[in-house]
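Encoded as structure tokens, the structure appears first; notes follow it.
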Amino acid sequence: MSYSLKVGHLYGDLMNTYGDIGNILVLKHLAKEMGVEMDDEVVSLDQPFDKDKYDIVIFGGGQDFEQSIISKDIQTKKADLTDFIEDGGSMVAICGGYQLLGHYYIGANGEKLEGIGALDHYTEKQEDHRFIGNILIENQETGEKYRGFENHQGITFLGEGERPLGNVIEGYGNNGEDKTEGAIYKNVYCTYFHGPILARNNQIAKHVLMNALSRKYPDADLTAQKQLQVSETF
Ligand code: GLN
């Protein structure tokens, strides 16, 4: 049995803070180890998002300026992205991308940027402050610990159906108040971790790949893929 997965890099030409594109390199590396072929392409401004074409979507972080452009364009992709998510499509959304999957993001200058509301969170602004630094969290379901680096002014509050990616052990996380970091909704993983998150936390990359394979090949025996050992967080 041969397997293949296609990655859509959402606004990959605009949203790539701190080399978030490295997440795709990690996915490709692990996919190869699993015997899975993978290719990727950027889906950007003025291009439709074909929800039937992609198995995994990567949506990186960015500055307020890029987010203000994307906030408008992404409304044209709202229905297809929402369908993709509801249908169990796999996605990793980071920082600015994470914010725009929710209802709205208030930029540093107070401007309200509309998200697509595919996930039920919203993001307010801090007063002349950013959360910057290393962060350590623990996922409550798996006990896995994830390490990363956060740099955001927005403060995010989770909504219905969302569970945190982890509880904060060190650092700030979603809002500095409720000790949550990131969000998981269906097969979507959201986070404020830059850096790229999948390189430092191979377990998340494996979850994303397994979710995508199980969705595309529901009858396949994926035992060999499941057994792939990935490195622990460092
Ligand atoms: N511009 C957003 C914020 O400051 C997102 C930042 C980012 O993606 N690093 O909160």
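In each ligand, atom 1 is the first atom listed, and ligand 1 is the first ligand listed. In this chain, numbering begins with 1 at the start of the sequence shown.
The single protein non-hydrogen atom nearest to atom 9 (N) of ligand 1 is H194 NE2, 2.8 Å, given as residue, atom name and distance. Protein heavy atom closest to atom 5 (C) of ligand 1, with residue, atom name and distance, is G62 O, 3.3 Å. Shortest contact from atom 3 (C) of ligand 1 to any protein heavy atom: Y105 OH, 3.2 Å. Atom 7 (C) of ligand 1 has C95 SG, 2.8 Å as its closest protein atom, hydrogens excluded (heavy atom only).
Of all atoms in ligand 1, listed by their number and element, those nearer than 4.0 Å to a heavy atom of G154 are 3 (C), 10 (O). Atoms of ligand 1 lying under 4.0 Å from at least one heavy atom of Q67, given by number and element, are 1 (N), 2 (C), 5 (C). Here is the list of ligand 1 atoms found below 4.0 Å of a heavy atom in G61: 8 (O).
Considering backbone and side-chain N/O of R130, one or more are found under 3.5 Å from N/O of ligand 1. Backbone and side-chain nitrogen or oxygen atoms of I94 are examined, and none is located within less than 3.5 angstrom of a nitrogen or oxygen of ligand 1. At under 3.5 Å, a nitrogen or oxygen of Q99, whether backbone or side chain, sits near a nitrogen or oxygen of ligand 1.
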- Task: For E127 and H129, run side chain to side chain donor-acceptor pair (under 3.5 Å): C-alpha distance rounded to whole Å, both residues' side-chain angles, the deciding distance at 0.1 Å, then the answer.
- Result: CA-CA 5 Å; E127 282 312 318; H129 191 259; over 6 Å; no

- Chi angles and distances behind the side-chain contact (heavy atoms from CB on, under 4.5 Å) call for H121, Q99: CA-CA 8 Å; H121 56 267; Q99 293 167 344; 5.7 Å; no

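Atom 1 (N) of ligand 1 has its nearest heavy-atom neighbour, among D64, L113, T123, in D64.
Note: Y122 and F157 meet the aromatic proximity criterion, with ring centroids under 6.0 Å apart. Aromatic pair F131/Y192: centroids not less than 6.0 angstrom apart.
Remark: the Y98 side chain and the N174 side chain contain an N/O donor-acceptor pair separated by less than 3.5 Å.
Although no hydrogens or angles enter the test, the distance criterion places no donor-acceptor pair under 3.5 Å between the side chain of Q203 and the main chain of L198.
The part of N151 lying near ligand 1 is the backbone, judged by heavy-atom distances below 4.0 Å.
The heavy-atom pair separating D73 from D46 by the smallest distance is OD1-N, 2.8 Å.
Each of E160, E86, E162 was scored for a side chain to side chain donor-acceptor pair (under 3.5 Å) with Y185, with one residue passing: E86.
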